[in-house]
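Note that ligands are numbered from 1 as they come in the structure, with each ligand's atoms numbered from 1 the same way.
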Amino acid sequence: MTADGIRLRAGVATDTGRVRSNNQDSFLLLPDRGLWVVADGMGGAQGGEVASRLAIETFEDAYVEQTEQSLAEVVAEANHRIYEAAESSELRGMGTTAVGLALVGDDDETDQQHLVVVNVGDSRAYLYRDGGLTQLTDDHSVVAELVRDGRITAAEADVHPQRNVITRVLGVYPEVVADLWPIDPVRGDRYLLCSDGLFNEVGDDQMAAVLRRLDDPSEAAAELVRLANEGGGRDNITVIVLDVLDDGGVAERASAALSGTVGRGSDDLAGFSHAIDDDRRSDDRLSDEELDGVRTPSKRTRRERRAERRAARSQRSRVTWRVLLFTLLLLGVLGGAVATIQWYGTSTYFVAFDGDEVAIYQGRPGGLLWIDPELEEPTGIVRQDVPARYADDLDAGHEHSSLADARQFVDNIERDISERAAATTTTEPPTTATTVPTTVAPTAAPAN
Ligand code: MN
């Protein structure tokens, strides 16, 4: 078999959806260089569109060598370009996800190839094999990390107020770490690359049913987009379906190696058997866990499996690259943790006493690690006017998820104060109060 043995066929569909006014998703089909990418931009009216397009353009001009290393470098380059563009314009804060599949050369002496999944953010790659759909990527989002840490359930994640907050993204921080992992393609496999506009509207079973029913990848992609719109179309939707028409004998050689028929003096396979041996060690364990994964989906099992795959491959990598990658990963994990804590420490507001005056703060009452709450705005309400029922709350700090909510809470206190003042300065029955011009809350009981 030659390097040209692996053949893939792609179909794509994209749509603005039924709610948004513009499509901030972008995609790339680059079959000549074996690269397929979906990017979901975010930030401002135009920022998202610009960010996802910049990412795609970077892949298009900078991805030349078909290697894993080159792929990682292009991701870093895309991050850099978007970050720079965001600094020098009104596009501040823009960013984009990117999920891709690349056909790259094995990093040994053979001219064999394999597939690599690359991911930053919460777009996804799925594998459809033997009638079942498996998510290949980990979402880089706050809720997905909480689920992986066992702190909330998947059901809680679905309705979590911060479910759209992503922890890794291209263009927002000076550095980014992409997830990269290799896959051995098997003839008949279908890969799905998509933005969250698809899987937030369409269930796994529905997606699998479409991939089972429609052979043509373009038709399947279009049908998935149609279903997402039918489900609500609340976001832009982009889908690439990628079919493995020919795996170049990878699967055959792998199973031959497993059954011990490799090494019967075949020169063709001699150079490859070492690589197969490496893979086989992990694949032997994988197959059992893969079955487990299908029967009782377990994040932990999938992650372990990936870790094993990475470990098996890295034995064949140059040490310098391995050390560099490990360092980058470590920095990425630390950076992600810092960013998450920073976000958690500053994402809410609370109302509390600033001395004897009520004030709105940004942050958490009492602070969080190195993050002290910041005074957002004073309210002019003094302690002696505050109704007793608010006092405990304000002493502890009353939390709100947004500034608007905090202001609403302050408005409520003010209303109570003015109603109480009105009730104590006039003894007239409420029916005569129609002449009072400042009445704002007809439903409130005057006795309060
Ligand atoms: Mn989206």
(request) Answer whether the closest heavy-atom distance between the side chains of E156 and L146 falls below 4.5 Å. (result) no
(request) Tell me, please, whether Y63 has R33 positioned over its six-membered ring: NZ or CZ under 6.0 Å from the ring centre and within 45 degrees of its axis? (result) no
(request) Give me the ring orientation class for F409 and Y390: parallel if the planes are under 30° apart, tilted from 30 to 60°, perpendicular past 60°. (result) perpendicular
(request) Mark yes or no for whether D247, through its side chain, and V186, through its backbone, hold a donor-acceptor pair below 3.5 Å. (result) no
(request) Under 2.8 Å from the Mn ion (ligand 1), which protein N, O or S atoms are there? Could you list them by chain and number? (result) D40 OD2, D196 OD1, D235 OD2
(message) I'd like to know if the side chain of R190 and the backbone of L211 have a donor-acceptor N/O pair within less than 3.5 Å.
(response) yes
(message) One thing to verify: whether R81 and E57 come together as a salt bridge, which I'm taking to mean a side-chain N less than 4.0 angstrom from a carboxylate O.
(response) no
